[in-house]
Each structure stands twice: as structure tokens, then as C-alpha cells.
2 protein chains.
Amino acid sequence: MARQAGANGETTARAIRQESLKLFARHGYDAVSMRQIASAVGVQASALYQYFPTKQQILVTLMTEHMEELLAAYAEERRDGETPRAALTRFARFHIRHHISRADAVFISYMELRALEPEGFAAVEALRKLYENELKSILAKGAEAGEFRLEEPHVAAMAILAMLTGVNTWYRTGGRLSREKIEDIYEDMVLKSVI
Amino acid sequence: MARQAGANGETTARAIRQESLKLFARHGYDAVSMRQIASAVGVQASALYQYFPTKQQILVTLMTEHMEELLAAYAEERRDGETPRAALTRFARFHIRHHISRADAVFISYMELRALEPEGFAAVEALRKLYENELKSILAKGAEAGEFRLEEPHVAAMAILAMLTGVNTWYRTGGRLSREKIEDIYEDMVLKSVI
DNA sequence: GTCTATAAGGCGATAGAC
DNA sequence: GTCTATCGCCTTATAGAC
């Protein structure tokens, strides 16, 4: 399994990210050792320190990149000038579609917040808030326009996000229901819950 | 801090449960050492082995007791012969009320499933399924009676449970909204989502 | 019921060779 | 870019004294 002649830095860097993500999701950050990550990558533990100065920095990088990828994907997805109802439909389907194919990163980003040291935590939380605000803004506009019936946009946003992200706890690829069908069901429930 | 003369086994046993719960919730099972638990309790690490044969068994006990307490409380709460709508209202308010005051146990029971060895995992999952089935049964009856509009009782149950349990991620005692008000908002959203 | 002492091994991280 | 070897520390769990 050892990587010898022809070793390539970029390949190793990507492998470290990939294998760390898988191992952290499966066993938890604290339960995974640098030796385990190295073994999955095919190098010795000391080689990891060429790419990341500490184990903590691997986690911070994984979580930060996950949130930045989410924000970039939603920026690409959103359409200004839509009705609140259309925007909420789009948001709900986007959220499921984006998260369902990134189960490990989603799991880590929620589960391992407590493993972050203060600086990393603050950075990740700031990115998370930006994303939450996208949904809050849709709900607030809908309430103002009389299109939605809700008293507390913040609470409604938290409720909807929890519901949508929850798909990841039970969805398995190749299950009885297609991703599209799942998006249909959740879209329906989300819309009805605020109308 | 050391417990000396007058030490009492039952007191220590309760303290081990309490402090483990707090520490596991705050730092994660793997990140907490037997020495840390012992220090919080006020004994040496070796004294813990009088009460639990392994660290793993502390976790299994905390999670199993949490699920059994939940099932017992719901058995006390439920009323047979209610309309599905009334039963769902009761379930939603009960779920929030019960979970909101047990944040540490709820967090652990979801987060540390992966830290359980196979036997413990199976036991806890079986209890969880029993609780999920209570909600599924309400939804299926409501759909059959034409009181609810939903195609997939299982998916709807997962969506509602995720939404309700999600309160714990943002609720803080003494916040702007009372527990009653929060129950009102979620009851409204849950009911609308299936009608 | 709790203590001290210890076994046996894993941890993150670093130095220096190639 | 990766290796071997190592430092100093922490880990779960047990033996035996009081």
C-alpha cells in the first residue's frame, strides 16, 4: 500500500482530505489517529505534517471547505425576483440535493463542531450563519408579502433546516425512493408548513 | 475535592452518571477519559470500575436509560381513542417538552451511536424504533382516515422527528421565547405540514 | 469504597536521513 | 516527499493495600 517512487504531492493532499473525511465521519475526530489517516492514504504518519501542521487543521479545512462549497453552490442556484413560494421551493430542493450526496461532510460539520478550537469554530459558525440567513430572508419576505403565515422567521428557518438536513439520517443510495421523489415529499411538507 | 469518610456508593453511582453525561455531551465520548470523569466525581479513576466494568458500559447505560425514560414518559402521555390530529398535536408538544429539558442525553443519544459496540448499538436502535413507530402509527391512521394528506408515513415521520428534535440545537433556557410558545409554533408547523 | 502503583500500549508531533 | 526512530505524555484497565 505504500506510496513510493513517483509520489505526487497533489495526489497525497487530496487523499488526506478524502480519507480524513471518511474516517472522521465513521469514527469521530477524537477516535481517529494520525497513524490511521496515514495508513488509509498509504504513507507514514510523519508525512501528513508536510500538508497539515496539526490534526486540528485537517478538521478545520474539511469543515470550512464544506461550508464554502455550500455557499458557492447556493449562490449559483438562487434566482432573484422569484416569489417567496418559488424561492422556498428552490431552496428546499437545493438543500436536499446538495446535502444528500455529501453525507460525510454534512455529518462532520454538525457533529464535530465541539472538536473545533475557538478560532476554527468562529470561522465555521460565521459561514453557517450566512447560509441560514438565505432561508430566513426568503421566509421574512414571504411573511411580509402575506404569502406565508409565520410569526417567527428565525424559528421557522431552524425548523425547516432541521427537517431538510434530517434526510441524511435515513437516506441510503439505491433505496426505495428516488432523490427526486424525496425532494417532492419534502417540498410539499415545507411549503405547507408555512402557508 | 476528594470524597473521604462517609463515602456512599449510591451517591457515587449517581454522580458518575451525571458527570459522564455532561462530559460526553460537551467533549464527545472518545475525547473524555476515565480520569476526567473520576476527577469530576471526586474519586480516582480506579474507583469507577466498582460501578461500571468498562467505559463503554457507562455510555450504553446512559443511552439505554434515556430511551427507556422516553418510552415510559410517552406511554404515560398518550391517550387512546383520540383523533389523529389530536394525537399528533399531543405527540409534537410532548416530544419538545421531554427533549428540551434533557439536552445532554438527547445530544449523546444521537451523536454517539457510532461509539457503541454492536450489542449496545442494537439495543439502543431497537428502543429508538419503538418510539418512531408511535409517530408512524399516528400518521398512518390519519392518512387512512383521510385526515392527513401524505403518501409516505415513514418519510413524514422522519421529517417531523428531525424538525422537533432540532429545537435542541438552538433553544437556550431563559431565551426570548417560552417553551409553551415554542410548542405552539412547532405544533402549528407540524400539523400544517401533513394536512 | 477508595486508594496507590503499575502494566501495556497508543497518542500527536518532531529530528534528521535519503 | 517520504522514511525511520524517538520524545514525552496520556490511555484503559488491573492488583493489592487499607
Side-chain angles (χ1 to χ4, degrees), chain A residues 1-21 23-24 26-63 108 112 114-120, chain B residues 1-21 23-24 26-63 108 112 114-120:
Chain A
M1 188 59 91
R3 189 177 303 277
Q4 308 99 321
N8 176 301
E10 211 161 307
T11 303
T12 305
R14 198 169 30 248
I16 294 172
R17 279 170 165 77
Q18 253 176 42
E19 300 300 332
S20 301
L21 191 73
L23 287 166
F24 289 167
R26 186 119 53 239
H27 308 291
Y29 173 76
D30 280 292
V32 173
S33 71
M34 292 296 268
R35 285 168 175 80
Q36 267 176 280
I37 297 169
S39 157
V41 171
V43 296
Q44 290 300 313
S46 56
L48 301 178
Y49 291 88
Q50 287 288 318
Y51 302 92
F52 293 94
T54 59
K55 182 185 166 189
Q56 169 78 200
Q57 195 54 51
I58 301 179
L59 181 63
V60 172
T61 301
L62 291 177
M63 292 178 69
I108 288 173
E112 302 296 357
R114 65 187 169 190
L116 288 174
E117 288 159 16
E119 294 142 78
Chain B
M1 185 65 81
R3 189 175 305 274
Q4 309 100 321
N8 176 300
E10 211 160 308
T11 303
T12 305
R14 196 167 33 248
I16 294 172
R17 279 170 165 77
Q18 253 175 43
E19 301 299 333
S20 301
L21 190 72
L23 287 166
F24 289 166
R26 187 118 55 239
H27 308 291
Y29 174 76
D30 279 292
V32 173
S33 71
M34 293 297 266
R35 283 171 176 78
Q36 267 176 281
I37 297 169
S39 157
V41 170
V43 295
Q44 290 299 314
S46 55
L48 301 177
Y49 291 88
Q50 287 288 317
Y51 301 91
F52 293 95
T54 58
K55 183 185 167 189
Q56 170 78 198
Q57 195 53 52
I58 300 180
L59 181 62
V60 172
T61 301
L62 291 176
M63 291 177 70
I108 289 172
E112 303 294 359
R114 65 185 170 192
L116 288 174
E117 288 159 17
E119 292 142 81

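The analysis underlying the following values was restricted to heavy atoms, covering all of them including side chains, and did not include hydrogens, waters or symmetry mates. Residue numbers start from 1 in every chain, and the chains themselves are labelled A, B, ... in the order their sequence lines are given, proteins ahead of strands.
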* Asked: Given atom OH of Tyr49(A) and atom C1' of dG1(D), what is their separation to the nearest angstrom?
  -> 16 Å

* **Gln44(A) vs dT4(D): side-chain N/O to OP1/OP2 distance below 4.0 Å** => yes

* Asked: Which part of the nucleic acid does Tyr51(B) contact within heavy-atom distance under 4.0 Å: base, sugar-phosphate only, or nothing?
  -> sugar-phosphate

* **Pairing of Arg114(A) and Glu112(B) as salt bridge, 4.0 angstrom limit** => yes

* **d(CE, Met34(B); P, dT2(C)) in whole Å** => 14 Å

* Got a donor-acceptor pair under 3.5 Å from the side chain of Arg35(A) to the base of dG10(C)? -> no

* Tell me, do Ile16(A) and Val43(A) make a side-chain contact under 4.5 Å, heavy atoms counted? -> no

* Roughly, in whole Å, what's the span from CD1 in Ile58(A) to P in dC11(C)? -> 14 Å

* **Protein-nucleotide distance (Leu59(A), atom CG; dG12(C), atom C1'), rounded to Å** => 15 Å

* Measure the distance from CD on Gln50(A) to C1' on dA15(C) and round it to the nearest whole Å. => 13 Å

* Rounded to the nearest angstrom, tell me the gap between atom OH in Tyr29(A) and atom P in dC11(C). => 13 Å

* Asked: Nearest-Å distance, NE2 (His27(A)) to P (dC11(C))?
  -> 12 Å

* Between P of dG1(C) and CZ of Phe52(B), the distance in whole Å -> 14 Å

* Asked: Is there a side-chain contact between Phe52(A) and Arg17(A), using heavy atoms and a 4.5 Å cut-off?
  -> yes

* Please round to the nearest 0.5 Å and tell me the distance separating atom NE2 of His27(B) and atom CG of Asp30(A). => 10.0 Å

* With distance as the sole criterion, do the side chain of Ser46(B) and the base of dT4(C) form a donor-acceptor contact below 3.5 Å? -> yes

